[in-house]
Amino acid sequence: MPDPTMSTRALRLGVCGPVGTGKSSLIATICRELAGTLRLGVVTNDIYTDEDARFLRSAGVLPAERIVGVETGACPHTAIRDDVTANLLAVEELEERFAPLDVVLVESGGDNLTATFSPALVDVQLFVLDVAGGGDVARKGGPGIERADLLVVNKTDLAPYVGVEVARMVHDAEHARQGRPVLALSRTDPGSVDTLAAWVEDRLAHFRAGDLVPVDPGPMAAHAHPHPH
C-alpha cells in the first residue's frame with residue numbers, strides 16, 4: 001500500500017564520488033535531459049564555497065533559484081552522512097518553495113572512495129568514478145562502488161587517451177557489485193545519456209508507487225585480508 005506522505009515531497013537522489021569524477025557535469029546532464037518533463041531542484045556541497053552551484057547556474061540547466069549551494073565547513077562526507085541537517089534543510093526549503101518538485105538532486109562535495117549518503121538524506125544514490133582515475137579503481141571496492149544503487153563509470157570518451165579499457169573496468173565493477181547496475185557513461189554518447197535518464201525515471205516511478213526502500217551502502221565495504229602462506 002503506497003504511503004500517502006510520499007507524494008508530498010520529491011525523490012531525493014544523491015550523487016557521490018571522488019574529486020574530479022564529473023559529478024556536477026553528470027547532474028547537468030540529468031537536468032538537461034529531464035527538465036522538460038520533470039520538476040527538478042539541486043543542492044550542491046562544497047567545503048568553503050558554492051562553486052559547484054555557480055557552475056550549474058551558469059550552465060543554465062535549471063532556473064538559478066532552484067540550485068542551492070551548501071557550505072559544509074568540514075569533511076564533505078560528514079555533511080551527507082554523519083550530520084545531514086544542513087543538507088536536509090536545504091532540500092526541504094527547495095521542496096517548499098517550488099512545490100511540487102519531482103526530484104531533488106544532492107551532490108556531495110568531492111570526497112574519496114569511502115563516502116556514501118545517509119538514507120535519512122536521500123532515497124537513492126549513485127556513485128561516480130571516471131576512467132581518468134585509473135582502470136583499477138573499480139576493483140578496489142568501497143561501500144559506494146559496491147553497494148550504491150547505481151555505479152557510473154564516467155568520461156568513457158577519455159579512455160583512449162588515458163590507456164583504460166572501458167569493458168574491463170565495467171567488468172571489474174560488475175564483479176565488485178554482484179549484479180547491481182553499472183553504467184558506462186559519456187555525455188557525448190546519446191545512448192548512455194538516455195540510459196541514465198531512464199534509470200532516474202524508473203527510480204521516480206518506484207518512489208511514487210511507494211515501493212522504493214532506501215538502502216544504506218554503509219561506511220565500510222565488506223573486505224578480507226588474505227593470509228600469507
Side-chain angles (χ1 to χ4, degrees), residues 10-35 38-95 98 101-130 133 142-145 148-155 183 185 187 193 196-197 199-200 203-204 214 217:
L11 171 71
R12 298 164 182 178
L13 168 60
V15 179
C16 196
V19 175
T21 52
K23 298 183 294 297
S24 298
S25 176
L26 184 147
I27 286 175
T29 297
I30 291 174
C31 290
R32 289 189 187 100
E33 291 299 304
L34 297 178
L38 297 178
R39 296 156 295 195
L40 307 175
V42 176
V43 175
T44 68
N45 279 240
D46 278 302
I47 297 177
Y48 297 122
T49 72
D50 65 348
E51 185 170 336
D52 288 338
R54 286 187 281 114
F55 162 77
L56 290 169
R57 292 186 196 114
S58 67
V61 296
L62 290 178
E65 61 273 16
R66 292 195 183 193
I67 302 170
V68 175
V70 171
E71 295 182 29
T72 63
C75 169
H77 98 222
T78 299
I80 65 167
R81 181 167 191 88
D82 301 326
D83 181 359
V84 302
T85 306
N87 275 290
L88 201 55
L89 289 172
V91 170
E92 291 173 349
E93 181 181 354
L94 277 176
E95 290 173 338
F98 300 104
L101 290 177
D102 296 305
V103 181
V104 175
L105 298 110
V106 183
E107 178 188 354
S108 75
D111 208 310
N112 54 40
L113 295 178
T114 68
T116 59
F117 285 88
S118 167
L121 176 58
V122 301
D123 303 296
V124 64
Q125 55 189 290
L126 60 83
F127 197 87
V128 188
L129 298 177
D130 76 290
I145 289 174
D149 298 282
L150 176 67
L151 177 67
V152 174
V153 176
N154 201 15
K155 307 180 189 177
L183 172 62
L185 177 72
R187 62 183 180 180
V193 171
L196 176 63
W199 180 84
V200 175
R203 296 297 85 196
L204 177 60

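Since the structure is predicted, the reported quantities are computational estimates derived from the model, not experimental observations.
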Next item on the list: Any chance you could measure Ser25, atom OG, to Asp52, atom CG, to the nearest 0.5 Å?
Entry: 11.0 Å
Next item on the list: Kindly give the heavy-atom pair with the smallest separation between Ser108 and Cys16, and that separation in Å.
Entry: OG-CA, 3.5 Å
Item checked: N-O pairing of Lys23 and Asp130 below 4.0 Å -> no
Check: Distance from Leu13 atom CG to Leu105 atom CG, nearest 0.5 Å?
Finding: 5.0 Å
Note to self: Just so I know, are the side chains of Leu150 and Trp199 near enough to count as touching, which here means a heavy-atom distance under 4.5 Å?
What the structure shows: yes
Note to self: If you compare all heavy atoms of Asp46 against all heavy atoms of Glu51, which two are closest, and at what distance to 0.1 Å?
What the structure shows: OD2-N, 3.4 Å
Checklist line | Interatomic distance, Leu62 atom CG to Arg32 atom CZ [nearest 0.5 angstrom] | finding: 10.0 Å
Notebook entry, point to check: In Å and rounded to the nearest 0.5 Å, what is the CG to CG distance from Leu126 to Asp149?
Noted result: 8.5 Å
Margin query: If only side-chain N and O atoms count, and only distance matters, is there a donor-acceptor pair under 3.5 Å linking Asn87 with Asn45?
Written below: yes
Next item on the list: Give me the one residue out of Val128, Val153, Leu26 that meets side chain to side chain contact (heavy atoms under 4.5 Å, CB included) with Leu185.
Entry: Leu26
Checklist line | Minimum heavy-atom distance Ala115-Phe127, with the two atoms named | finding: O-CE1, 3.4 Å
Item checked: Min side-chain heavy-atom separation Thr44-Asp50 under 4.5 Å -> no
Notebook entry, point to check: Do Val70 and Val106 touch side chain to side chain, with heavy atoms closer than 4.5 Å?
Noted result: no
Margin query: Under the criterion side-chain contact (heavy atoms from CB on, under 4.5 Å), I'd like the reasoning laid out for Arg66 against Leu40: C-alpha separation, chi angles, the key distance, then a yes or no.
Written below: CA-CA 8 Å; Arg66 292 195 183 193; Leu40 307 175; 5.6 Å; no
Check: Tell me, do Thr78 and Thr72 make a side-chain contact under 4.5 Å, heavy atoms counted?
Finding: no
Notebook entry, point to check: Which atom pair, heavy atoms only, marks the closest approach of Leu121 to Leu88?
Noted result: CD1-N, 3.9 Å
Next item on the list: Using a cut-off of 6.0 Å, state whether more than 12 heavy atoms not belonging to Glu65 lie near its atom CD.
Entry: yes
Next item on the list: Taking all non-hydrogen atoms of both residues into account, name the closest pair between Val104 and Glu95 and its distance.
Entry: CG2-CG, 4.2 Å
Next item on the list: Could you check if a side-chain atom of Leu11 sits within less than 4.5 angstrom of a side-chain atom of Asp123, using non-hydrogen atoms only?
Entry: yes
Checklist line | Closest non-hydrogen atom pair, Val124 against Arg203 | finding: CG2-CD, 3.9 Å
Check: Counting distance only, does the side-chain N/O of Gln125 pair as donor-acceptor with the main-chain N or O of Ala148 below 3.5 Å?
Finding: no
Notebook entry, point to check: Counting only heavy atoms not in Arg54, do more than 12 sit closer than 6.0 Å to its CZ atom?
Noted result: yes
Notebook entry, point to check: Can you tell which of Val61, Val200, Val193 makes a side chain to side chain contact (heavy atoms under 4.5 Å, CB included) with Glu33?
Noted result: Val193
Next item on the list: Output yes when a side-chain donor or acceptor of Arg57 lies under 3.5 Å from a complementary backbone atom of Ile67, and no otherwise.
Entry: yes
Item checked: Spatial distance of atom OG1 (Thr116) from atom CD1 (Ile145) [nearest 0.5 Å] -> 12.0 Å
Next item on the list: To the nearest 0.5 Å, tell me how far Glu107 CD sits from Ile27 CD1.
Entry: 4.0 Å
Next item on the list: Would you check if Val42 and Val68 make a side-chain contact, meaning some heavy-atom pair closer than 4.5 Å?
Entry: no
